[in-house]
Number of protein chains: 2
Amino acid sequence: MAADEHPLVLTPLPGEADLGLVDALAQLSFAVQGALGRIATEQGLSIVQTRLLGILRDRRPTIKELAGFLGLDKSSVTGLVDRAETRGLVTRMASPRDGRSVQVAITPAGQDLAERATTSFMAEIGDLVADLSPTQQKRLFGLASIVVAADARRRGINLFDTTASTRP
Amino acid sequence: MAADEHPLVLTPLPGEADLGLVDALAQLSFAVQGALGRIATEQGLSIVQTRLLGILRDRRPTIKELAGFLGLDKSSVTGLVDRAETRGLVTRMASPRDGRSVQVAITPAGQDLAERATTSFMAEIGDLVADLSPTQQKRLFGLASIVVAADARRRGINLFDTTASTRP
DNA sequence: TATTGTTATACTCTATAACTATA
DNA sequence: TATAGTTATAGAGTATAACAATA
């Protein structure tokens with residue numbers, strides 16, 4: 001798609017960023033979310049449930065921390081964890097440090113499901129970027145990484161600092 | 001984030017695509033969806049409603065065509081259009097060619113809202129990619145465009161062929 | 001018979017506000 | 001008082017199945 005062709009989602013207007021970039025990114029995000037949704041459905045999960053399991057892979061966050069990771073209200077996370085717990089995918093544990101808090105941990109069943117989802121998702125994304133050369137794929141990865149890291153930093157969510165969470 | 005660092009969403013496993021790429025793309029899609037969600041909320045819309053208005057900007061698709069564009073079931077689109085119609089953002093019109101079909105069109109109020117959303121969204125995405133140089137932004141745009149175009153082709157949705165829809 | 005769209009139903013997801021328990 | 005979490009409530013979004021109208 002050339003930069004001056006019309007977009008599916010939005011329309012050409014002047015603005016801070018180039019619309020072509022904006023629209024391409026929006027559409028790319030829909031394509032990726034579509035892939036995520038397909039593999040989630042395949043495993044009987046939703047995108048958010050899949051994301052929850054992925055986060056819990058190497059963390060035991062509180063409800064509040066999960067809300068920060070997911071960008072949701074704490075009450076939404078309560079329901080999310082409720083449904084996952086009912087299905088035996090996660091468990092709540094009392095926090096040893098704060099009587100008000102709970103820590104959410106993934107179960108072996110949840111781990112299995114998360115791993116199957118990961119495998120399927122990699123295959124889907126492999127298909128999605130199949131038209132890019134290996135060099136282009138690396139380039140896309142690098143650019144996406146820069147954007148994601150900068151965004152996380154701006155939002156004050158350090159994806160790699162786990163001092164706030166107890167590691168299993 | 002370096003390629004060998006752990007991901008937020010998914011976990012390192014061998015697969016068809018490099019996990020670093022997969023995870024970076026997933027996280028990028030969440031970041032973009034987050035920006036979309038914020039501007040949609042700003043305008044009193046959801047992401048899907050915003051997307052609907054964007055699609056209707058230069059098309060008058062049937063419910064079935066909309067379902068194809070959005071990747072939803074036709075019954076979901078019925079409800080989506082119902083809610084948008086109640087708010088005066090879109091209208092249903094009888095199809096001149098098929099008595100079973102309706103054509104969905106955007107209203108002036110819907111146009112206004114879509115344009116405001118577009119302006120806000122461009123600013124948000126401008127912030128999101130602020131850490132990339134202009135050259136890198138163009139590169140990201142180009143790579144995203146290739147992926148999106150290939151995906152649309154594979155799914156049999158020609159984003160630019162409007163012969164199936166009546167143009168206003 | 002097949003297709004288009006709607007309706008009925010049920011579930012997930014989400015937020016706001018009020019509440020409980022702990023700090 | 002302030003914070004962590006839950007509950008109650010309401011609404012959007014989604015899919016499946018059954019249905020009506022048209023092709």
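Labels below follow one simple rule: chain letters A, B, ... track the order of the sequence lines, proteins then strands, and each chain is numbered from 1. These numbers were taken from a predicted model, which means no experiment stands behind them.
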Inset, instruction - Mark yes or no: A:R59 above the aromatic ring of A:F69, with NZ or CZ under 6.0 Å from the six-membered ring centre and no more than 45 degrees from the axis. - result: yes
Inset, instruction - Please state whether the phosphate of D:dG5, meaning OP1 or OP2, lies under 4.0 angstrom from any side-chain nitrogen or oxygen of A:K74. - result: no
Inset, instruction - Using only heavy-atom distances, decide whether a donor-acceptor pair under 3.5 angstrom links the side-chain of A:R100 to the base of D:dT3. - result: yes
Legend entry - Passing candidate, side chain to side chain contact (heavy atoms under 4.5 Å, CB included) with B:F30, options A:D151, A:I47, A:L70: A:I47
Inset, instruction - Find the distance between CZ (B:F121) and CG (A:D23) and round it off to the nearest 0.5 Å. - result: 8.0 Å
Inset, instruction - Figure out the CD/P separation between B:E65 and C:dT4, and round it to whole Å. - result: 10 Å
Inset, instruction - Identify whether any heavy atom of A:S75 sits under 4.0 Å from a base atom; if not, whether one sits that close to sugar-phosphate; answer base, sugar-phosphate or nothing. - result: base
Legend entry - Backbone N/O of B:D82 and side chain of B:T86: donor-acceptor pair under 3.5 Å: yes
Legend entry - Length of the CZ-P vector between B:R83 and D:dA12, whole Å: 6 Å
Legend entry - Nucleotide nearest A:D73 when distance is taken to its side chain, options C:dG5, C:dT16, C:dT14: C:dT16
Inset, instruction - May I have the distance from B:R51 (atom CZ) to D:dG13 (atom P), rounded to whole angstrom? - result: 13 Å
Legend entry - Rounded interatomic separation in angstrom, taking CG from B:L52 and P from D:dT14: 11 Å
Legend entry - Atom-pair distance (CZ on B:R38; C1' on C:dT14), nearest Å: 16 Å
Inset, instruction - Pick base, sugar-phosphate or nothing for A:T78, based on heavy-atom distances below 4.0 Å to the nucleic acid. - result: base
Inset, instruction - Could you tell me the separation between the CD atom of A:Q49 and the P atom of C:dT12, rounded to a whole number of Å? - result: 9 Å
Legend entry - Atom pair distance, as rounded to whole Å: CG in B:D98 and C1' in D:dA20: 15 Å
Legend entry - Nearest to side-chain heavy atoms of A:L72, which nucleotide of D:dG13, C:dT14, D:dT7: C:dT14
Inset, instruction - Answer with base, sugar-phosphate or nothing: what part of the nucleic acid does B:V77 contact at a heavy-atom distance below 4.0 Å? - result: nothing
Legend entry - Selection from C:dT12, C:dT4, D:dG13 that lies nearest to any side-chain heavy atom of B:K64: C:dT4
Inset, instruction - Go through A:Q33 and B:S29 one step at a time and tell me if the side-chain hydrogen bond (donor to acceptor under 3.5 Å, both in side chains) criterion holds. - result: CA-CA 7 Å; A:Q33 294 281 312; B:S29 81; 2.9 Å; yes
Inset, instruction - Give a yes/no on whether any side-chain N or O of B:R92 is located under 4.0 angstrom from OP1 or OP2 of C:dT6. - result: yes
Legend entry - Below 4.0 Å: OP1/OP2 of C:dA15 and any side-chain N or O of A:S76: yes
Inset, instruction - Output the single nucleotide from C:dA2, D:dG13, C:dG5 whose closest atom is nearest the side chain of B:S46. - result: D:dG13
Inset, instruction - Indicate, with a heavy-atom threshold strictly under 4.0 Å, whether B:G79 touches base, sugar-phosphate, or nothing. - result: nothing
Legend entry - Interatomic distance where CG belongs to B:L66 and P belongs to D:dT14 [whole Å]: 12 Å
